[in-house]
Amino acid sequence: MATTTPSRGRRRAPSRMTRAAGKAAALQKPRVILALLLLLALTSVMLLDGYLRAEVGGDERVRSNASSSKVPDKVLDGGPILSFRGGEAQSQSVPEKTIALTFDDGPNPTWTPQILKILEANDVPGTFFVVGSMVSRYPSIVKDLVNQGNEIGIHTFTHVDLSYQSDDRIAREMDQTQLALAGAAGITTTLFRAPYSSEADAIDNYSWPVYKKLGEEGYTSVFVDTDSDDWKRPGVSKIIKWATPSKSKGASVLFHDAGGERSQTVKALGTYIKKMKAKGYTFTTISGAIQQGNGQDAQAGQNSQQPGSEQGEQSEQAGGQAPGGQQDQQGQQPGQTGQLDQSGQAGGVNSLQAAHRTATGTTLYEGKALVAAVAVAEWTVPGLAVGLAVVGVAVMGRFGMMLILARRHYRQRNKRRFSWGPTVTQPVSVIVPAYNEKECIANTLESLAKSTHPIEIIVVDDGSTDDTSQIARDAARSFGMTNVRVIRQENAGKPAALNNGVRSASYDIVVMMDGDTVFEPDAVHQLVQPFADPEVGAVAGNAKVGNRNTIIGAWQHIEYVMGFNLDRRMYDLLRCMPTIPGAIGAFRRDAVLEVGGMSEDTLAEDTDITIAMHRGGWRVVYQEHARAWTEAPASLKQLWSQRYRWSYGTMQALWKHRKSLTDKGPSGRFGRVGMPLVVIFQIITPVFAPLIDVFTAYSMIFIDFKAALLAWLAVLGIQLVCAAYAFRLDREKYRYLLMMPLQQLAYRQMMYLVLIHSCITALTGGRLRWQKLKRTGEVGTPAGVS
């Protein structure tokens, strides 16, 4: 055993390191907060979109055949317009020879504009009872509707039967629709029609308190005299027939401009209007009908009044009180009430829209904010859905490609006649960088003492503050090893330690391993055989998790076998291996020196040197039979630190070598094949993959639990098949796969968050320092862990 003088590395002043660490820690908190805020924003957008589509908070219950014993007879026998002026229920009918066209369930981007064109062409107004969620999604249609002179009423926000809802839910349904109207058209309204309502005589003991409460708040409830039943799609002739009032009665007539396929409604409407005009009918809005009725009542009152008597009915405003007790400021003066203009319409624009109120103050701004938020959700969620479909296809495509190429790789490399060339028997140098590895270094050297291949061992102590170097010397003596050199250097980092070892190596092939790793006896021999091919410049070994008997260890074991080694088989055949693991890898010494050695530019020196080898024109291969056992992080905190460094370092390496995209030869091959694969499968896909789980959870909770669960189980099944095949190729025990469902629920989510955290750090220009993991030394000789 020989000892050399310390090799000088870059000295880092403790004060500078302390300041850098403090600054890095200070910068991480805002990035974590930013990541959490992005997740919260996405969740909020999804919930809003689900609420708009009645996936969140949806209630499809519809009450029927309930008693009406508590409803006043005058209401059940009254007209379709119900108000509560002065707290007393008052019913009103549509005047004779008058039709108030009403449309429910809109607005709809397909059917509502067509209906508006027909109304405009026939100079007829309509009253549209709109669903608030649809208003917030299609605000421009509502604005056109109002500007055309039509009237708006509320049909709740999510089209629920209010008789089943709490007072708070009823208030939300009304208030949110008012906000949507304010944001879309700058108005609020006093008109209301309940979903699933029909004629006034259908009011029951459960819905009556709802109408009474809303009436006391200033709402006028509107029912139906004549129902076209167009939602049944019975044909144009039947729609016209069913919408026609008997004799010369006036009517509130119901059509639909949304809620399904409405082509028959569109075809029937123009014909219906012409038919009713030919019969002498005029068309008005609900407010117009109220004003006409009030005008007739006022005129009758004037004819029968004695001088000096009160004229209460004559001075009633058309819309009554606004919701919340605000007095109507847009009603007609008593002398104008019920007057008809030249076209036979009631009053004019103001009178036809007397139920509207101008939205001001916080109502207006909150309404605009709601519409803006919905616009974001309308673009974001479908965009994410498309993105997730692409991600899903990519993930499934990757699984398929891995299985096909891994199988081909296994068959090719395990043929009896397969050979890299003449057997490599010359000695090689094994470099072991070590920093505070007192728990592991003896096990590492013991495993190397059993190597079946001639080696020299160079332990580079990178300024350890424990007894690593002395333990290494003592272990070498106890194992009778004369081929060990211990080099001490001031702390300069792992790349500097590896470069020191390469410069000090005596042989043309250098094997690099971590100080917490143990080799199988034939690992070095297997690892160096591909160098019989002069095109091969580097070889990746098969790294395995030694401490796999814990839950965290088992999760990482699955990841190593399936995610790393199966990937490496694929990349090997494609000749674009992105990473030689630090735990076990071999290089031509001259090739390493040619590309500048192990770089300190990134935190993933293994990925960096691998890409550099490609760019140097060398082939990089995977040797599955060269197995090493490494100690994986034993706690979630350590695992996060390690993977955070890996992810960030990989991004640094890819960015550093981005010019390979335009290179020629092996460098260009990696740039145009390997780099896109790494970016897609190791960065982009994992970043968006959590959304698949979020959508799955969302679907389970709010949409269809069974279908979402089956879809998730199907994906899990595909992953299990891939994992089982990977375990078969590596001759691993299948029992660890029992941990895979839990790994998908917990471990995988953590890896996603680590990657997202790394992306945010990279995008915000952050820097991350190399971090030393705490080791336990529990990974002993290979025989002890296999």
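Computation of the quantities below employed the complete heavy-atom set of this structure, encompassing side-chain atoms and omitting hydrogens, waters and symmetry-equivalent molecules. Residue numbers start at 1 and run along the sequence shown.
- Scanning both residues, V595 and A612, for their nearest heavy atoms gives CG1-O, 3.6 Å.
- Remark: side-chain polar atoms of D533 are not paired, donor with acceptor, to backbone N or O of W420 under 3.5 angstrom.
- Between the OG atom in S635 and the CD1 atom in I552 there is a gap of 6.5 Å [rounded to 0.5 Å].
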Identify all side-chain donor-acceptor contacts of residues 668-676 below 3.5 Å with residues at least two apart in sequence or on another chain.
unit_1, atom_1, unit_2, atom_2, d
R669, NE, L574, O, 2.9
R669, NH2, L574, O, 2.9
R672, NH1, L661, O, 2.8
R672, NH1, D663, O, 2.8
R672, NH2, D663, O, 2.9

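- Contact of the P578 side chain with the Y571 side chain is registered, since non-hydrogen atoms from C-beta on lie closer than 4.5 Å.
- Distance check: N542 CG to Y560 OH gives 11.5 Å after rounding to the nearest 0.5 Å.
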Open item on the list: With side-chain contact (heavy atoms from CB on, under 4.5 Å) as the criterion, how do N547 and V545 come out once you've worked through the C-alpha distance, each side chain's angles and the decisive distance to 0.1 Å?
Closed with: CA-CA 6 Å; N547 52 332; V545 175; 3.5 Å; yes
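- Contacts classified as ring pair (Phe, Tyr, Trp, His ring centres under 6.0 Å) and involving residues 528-553 (residues at least two apart or in different chains) are not found.
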Open item on the list: Quick one, L729 with Y725, criterion side-chain contact (heavy atoms from CB on, under 4.5 Å). Give me CA distance, side-chain angles, the key distance, then yes/no.
Closed with: CA-CA 6 Å; L729 295 183; Y725 187 65; 3.6 Å; yes
- [ ] Would you please test V459 and L445 for side-chain contact (heavy atoms from CB on, under 4.5 Å) and show each step?
- [x] CA-CA 9 Å; V459 178; L445 293 177; 4.0 Å; yes
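- Taking the side chain as every heavy atom from C-beta outward, D567 and F681 never approach each other to under 4.5 Å.
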TODO: Show your working on side-chain contact (heavy atoms from CB on, under 4.5 Å) between W646 and T607 and close with a plain yes or no.
DONE: CA-CA 9 Å; W646 285 5; T607 299; over 6 Å; no
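- Summarising the local packing, CG of L716 is surrounded by more than 12 heavy atoms from other residues, nucleotides or ligands at distances under 6.0 Å.
- Remark: side-chain polar atoms of T444 are paired, donor with acceptor, to backbone N or O of G515 under 3.5 angstrom.
- Looking at heavy atoms from C-beta onward, R398 lies in side-chain contact with M402 at the 4.5 angstrom threshold.
- Residues E605 and T602 share a closest heavy-atom pair of N-OG1, 3.9 Å.
- Side-chain atoms of R627 and Q526, non-hydrogen and from C-beta on, never get closer than 4.5 Å to each other.
- Between V536 and R588, the shortest heavy-atom distance links the atoms O-NE, 2.6 Å.
- A donor-acceptor pair is defined here as one N or O able to donate and one able to accept, closer than 3.5 Å; no such pair exists between the side chain of R569 and the backbone of L405.
- Interatomic distance, CG of L498 versus CE of M512, reported as 5.0 Å (0.5 Å rounding).
- Nearest heavy atoms, C722 versus M562: CB-CE, 3.7 Å.
- The six-membered or imidazole ring of H557 lies near that of F727, with a centre-to-centre distance under 6.0 Å.
- In this structure, CD1 on I455 lies 13.0 Å from CD1 on I509, to the nearest 0.5 angstrom.
- Of the possible donor and acceptor atoms, one in the side chain of S451 sits under 3.5 Å from a partner among the backbone N and O of H453.
- Listed for the T610 side chain is a donor-acceptor partner under 3.5 Å among the backbone atoms of I580.
- From I558, atom CD1 reaches atom CD of Q719 across 10.5 Å, with rounding to the nearest 0.5 Å.
- Between N414 and H625, the closest side-chain pair of non-hydrogen atoms falls below 4.5 Å.
- The main-chain N or O of G546 is never found under 3.5 Å from a side-chain atom of E631 such that the two would form a donor-acceptor pair.
- Counting heavy atoms from C-beta on, the side chains of Q556 and P633 come closer than 4.5 Å.
- Of the possible donor and acceptor atoms, one in the side chain of Q652 sits under 3.5 Å from a partner among the backbone N and O of L603.
- Looking at heavy atoms from C-beta onward, R568 lies in side-chain contact with M577 at the 4.5 angstrom threshold.
- Between I609 and D606, the shortest heavy-atom distance links the atoms CG2-O, 3.2 Å.
- None of D730, T517, T630 except one satisfies the side chain to side chain donor-acceptor pair (under 3.5 Å) rule with K544; the exception is D730.
- Side-chain N or O atoms of S133 include none that pairs as donor or acceptor with a backbone N or O of T158 at under 3.5 Å.
- Without hydrogens or angle criteria, R658 side chain to W655 main chain gives a donor-acceptor distance under 3.5 Å.
- The nearest pair of heavy atoms linking P433 to A497 is CB-CB, 4.0 Å.
- In this structure, CG on D514 lies 12.5 Å from CD1 on I431, to the nearest 0.5 angstrom.
- In this structure, the side chains of D462 and K494 stay at 4.5 Å or more apart for every pair of heavy atoms.
- With hydrogens and angles ignored, the 3.5 Å screen pairs a side-chain donor or acceptor of D572 with a backbone N or O of Y622.
- Ring-plane geometry between Y648 and Y644 is classed as tilted, the angle between the planes lying from 30 to 60 degrees on a 0 to 90 degree scale.
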